[in-house]
Amino acid sequence: YHSFSRLFVQCLFNHFNSLYDEEKPNFYVAAVKNLNLLRPQFSAMANSHLSTPSELFSRQHKPPRVPNLIGGSFLDSKSLTFIDVINPATQEVVSQVPCTTDEEFKAAVSAAKKAFPSWRKTPITKRQRVMLKFQELIRRDMDKLALNVTTEQGKTLKDAQGDVFRGLEVVEHACGMATLQMGEYVSDVSSGIDTYSIREPLGVCAGICPFNFPAMIPLWMFPVAVTCGNTFILKPSEKVPGASVMLAELAMEAGLPEGVLNIVHGTHDIVNAICDDDDIKAISFVGSNVAGMHIYARAAAKGKRVQANMGAKNHAVVMPDASVDATVNALVAAGFGAAGQRCMALSTVVFVGDSKLWESKLVEHAKALKVNVGTEPDADLGPVISKQAKERIHRLIQSGVESGARLVLDGRNIVVPGYESGNFIGPTILSDVTANMECYKVIFSLISNLRRSLDQFFFSRRYGNGASIFTTSGVAARKFQTEIEAGQVGINVPIPVPLPFFSFTGNKASFAGDLNFYGKAGVNFYTQIKTVTQQWKDSASKSKINLAMPTSQKS
């Protein structure tokens, strides 16, 4: 590649090097029941143009408690420890999620284990019909689901609808499981002998989810697992449990039998219980490297299958011949969208050649983004997930400045009228950032002033989720896609997340396990191969005892 400029743009909205918040949560105890109390809140927020979210929340004296789902019933937890689910824009308590007790967890696993024998024998066509109905119901309740995601997670309604829709696409893909789960058959592998392989479900599987995609990530997991014939234990993020509960309600309305899908809640203890339980055969995880590697090691030591999507630091190369307007629009959307809280956020941009034009264009477009509460129709960016996250971003921005980075655009002082207590941060751009700075190492970020070659820079990256190149040169694009060490490559595409008929193929430190999420790899993860060799002989024919190893050659 050509020598590249000193400027890289640092999208500090992309603030997490991990998707799973490892800070210990505050615990709360309250005395309100019935998650359905949430529904009038969401409906009122959707239909009222006069009341603010804060006023709507204040109409209830106490927040509702999120139930467990065990054996087909939503049950109030008997736990004494609850965690507040906080609206990031208002700081109001939306609900309280329990730390599921050990007895309740064992009951959920027992229910899943009990449901497995009959569910695995359910014809695949019937399982597919459940998914067909499920996707219909998700479409019906798309707006309700999106509003829940915005209320608990903070992202804009448009982004929340995209969250639900990308999960819906996985459900649609699972509707073709009969084809996806087909085995192989070879006749006459030897004289009169046929061999075939079939894919069978594993048993009880589990999923552990992050906060950043409350609908999409659960839908990456349990629809594929249960359509393969497994039963499932879902552990949503304690910060955003509502969407998982709503999706479970829809799945049961679609005809999913009792015990096939169960939901438990909590933090470290429940995660460890999932890893240690002998009846759970496989675990899907999306989150940070620290949590992911802990789960991978602990669960694998118990003989479980694990697929773990973890931290990321995605890079883009902008060649001198790239289309300016299209590239700038792509970089701004991919860098700042979802407040940067996604593992495929395009956080690091390498400009080959002069970068002055690119810098001014990026600042211009970033300034035009509107930061507001996610329920506002004109909002481009909502708040980040927590006050702790906001404070961490502030510290890292200041650390970059103190280390010599140039603050081109500062979004730390933004205030949204009416939501002064919200976790809002405006678009922030740092340049002249070097690879040894904490703001580059710790967060999704942008760097500058690297003194190594471009090839060395990319091949030395720890993470391997995604990388993109912007160019009109087929030669440059082909060289990039061939030589870059990343699981998902975009050519003039900023966030190259594949549709579900492919698989999400992060690699290096961004993934642990052998089989990726959804697509063919996802089906393979949730199934195991059984190979059958059969021989049928005419009872009237004479045969001799043969002690030799069978071969494909005739004796």
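For reference, positions follow the sequence shown, starting with 1. Computed from a predicted model, the values in this text were never measured in an experiment.
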Does the side chain of [Y] come within less than 4.5 Å of [X]'s, by heavy atoms?
{"X": "V66", "Y": "I263", "value": "no"}
{"X": "T428", "Y": "L409", "value": "no"}
{"X": "H294", "Y": "N272", "value": "yes"}
{"X": "E238", "Y": "V85", "value": "no"}
{"X": "T327", "Y": "W358", "value": "yes"}
{"X": "P241", "Y": "H265", "value": "yes"}
{"X": "L168", "Y": "M142", "value": "yes"}
{"X": "K390", "Y": "P383", "value": "no"}

Could you tell me which non-hydrogen atom of [X] sits nearest to which non-hydrogen atom of [Y], and how far apart they are?
{"X": "A89", "Y": "V373", "result": "CB-CG2, 3.6 Å"}
{"X": "K304", "Y": "C275", "result": "CE-O, 2.6 Å"}
{"X": "P427", "Y": "A366", "result": "CG-O, 3.5 Å"}
{"X": "A509", "Y": "N289", "result": "O-ND2, 2.7 Å"}
{"X": "L430", "Y": "G400", "result": "CD1-CA, 4.5 Å"}
{"X": "V328", "Y": "K361", "result": "CG2-CB, 3.8 Å"}

Discussion item. For D410, is there an ion pair with R412 - N to carboxylate O distance below 4.0 angstrom?
Written reply: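 Result for this pair is yes, salt bridge flagged.
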Fill in: Short N-O contact, R166 and E169, less than 4.0 angstrom
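Yes, charged N to carboxylate O under 4.0 Å.
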Worksheet item: Yes or no on side chain to side chain contact (heavy atoms under 4.5 Å, CB included) for D163 and Q153, after CA distance, side-chain angles and deciding distance?
Response: CA-CA 11 Å; D163 186 332; Q153 201 271 349; over 6 Å; no
Side-chain H-bond candidate by donor/acceptor type, [X] with [Y], under 3.5 Å:
{"X": "Q91", "Y": "N423", "answer": "yes"}
{"X": "E438", "Y": "S399", "answer": "yes"}
{"X": "Q488", "Y": "N507", "answer": "no"}

Drop me the distance from [X]'s [atom1] to [Y]'s [atom2], to the nearest 0.5 angstrom.
{"X": "F213", "Y": "S237", "atom1": "CZ", "atom2": "OG", "value": "13.0 Å"}
{"X": "I217", "Y": "S284", "atom1": "CD1", "atom2": "OG", "value": "10.5 Å"}
{"X": "N212", "Y": "R342", "atom1": "CG", "atom2": "CZ", "value": "10.0 Å"}
{"X": "I283", "Y": "R305", "atom1": "CD1", "atom2": "CZ", "value": "13.0 Å"}
{"X": "R462", "Y": "S510", "atom1": "CZ", "atom2": "OG", "value": "8.5 Å"}
{"X": "M246", "Y": "K144", "atom1": "CE", "atom2": "NZ", "value": "7.0 Å"}

So, [X] side chain and [Y] main chain: donor-acceptor pair closer than 3.5 Å or not?
{"X": "D380", "Y": "K370", "result": "yes"}
{"X": "Q341", "Y": "I385", "result": "yes"}
{"X": "Q307", "Y": "L515", "result": "yes"}
{"X": "N465", "Y": "K313", "result": "no"}

Item to complete: Just jot down the salt bridge (Lys or Arg N to Asp or Glu O under 4.0 Å) partners of D325, sequence neighbours excluded, or say none.
Response: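 Testing D325 for salt bridge (Lys or Arg N to Asp or Glu O under 4.0 Å), a comparison that skips the adjacent residues, returns none.
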Response to the item:
Sorted by chain and residue number, the ring-ring contact (aromatic ring centres under 6.0 Å, His included) partners of F517 (sequence neighbours excluded) come out as W220
Discussion item. The criterion is ring-ring contact (aromatic ring centres under 6.0 Å, His included); which residues satisfy it with F222, sequence neighbours excluded?
Written reply: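 For F222 the ring-ring contact (aromatic ring centres under 6.0 Å, His included) partners, ignoring immediate neighbours, are F134.
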Response to the item:
Taken in chain and number order and not counting sequence neighbours, the residues that satisfy side chain to side chain contact (heavy atoms under 4.5 Å, CB included) with T150 are L157, A160, T375
Worksheet, complete the sentence: Residues passing the side chain to side chain contact (heavy atoms under 4.5 Å, CB included) test with D159, sequence neighbours excluded, are K155, T156, A338
Discussion item. With side chain to side chain contact (heavy atoms under 4.5 Å, CB included) as the criterion, how do T90 and Y419 come out once you've worked through the C-alpha distance, each side chain's angles and the decisive distance to 0.1 Å?
Written reply: CA-CA 6 Å; T90 66; Y419 300 92; 3.8 Å; yes
Practice prompt. Take K239 and V97, measure what side chain to side chain contact (heavy atoms under 4.5 Å, CB included) needs, and give me the verdict at the end.
Written response: CA-CA 8 Å; K239 293 178 172 58; V97 64; over 6 Å; no
Practice prompt. Let me see the working for D276 and K302 under salt bridge (Lys or Arg N to Asp or Glu O under 4.0 Å), right down to the final yes or no.
Written response: CA-CA 7 Å; D276 295 343; K302 299 287 287 186; 5.7 Å; no
Worksheet item: Is the number of heavy atoms from other residues, nucleotides or ligands within 6.0 Å of NZ (K158) greater than 12?
Response: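 No.
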Without placing hydrogens or testing angles, list every side-chain donor-acceptor pair under 3.5 Å for residues 492-506, not counting sequence neighbours.
{"from": "N492", "atom 1": "OD1", "to": "T471", "atom 2": "N", "distance (Å)": "2.9"}
{"from": "N492", "atom 1": "ND2", "to": "T471", "atom 2": "O", "distance (Å)": "3.0"}
{"from": "S503", "atom 1": "OG", "to": "Y518", "atom 2": "O", "distance (Å)": "2.7"}
{"from": "S503", "atom 1": "OG", "to": "A521", "atom 2": "N", "distance (Å)": "3.4"}
{"from": "T505", "atom 1": "OG1", "to": "G487", "atom 2": "O", "distance (Å)": "2.8"}

Discussion item. Under the criterion side chain to side chain contact (heavy atoms under 4.5 Å, CB included), I'd like the reasoning laid out for F351 against E359: C-alpha separation, chi angles, the key distance, then a yes or no.
Written reply: CA-CA 10 Å; F351 294 104; E359 179 180 351; over 6 Å; no
Worksheet item: Picking from L147, N148, V149, what satisfies side chain to side chain contact (heavy atoms under 4.5 Å, CB included) with T151?
Response: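 Only match with T151 under side chain to side chain contact (heavy atoms under 4.5 Å, CB included): L147.
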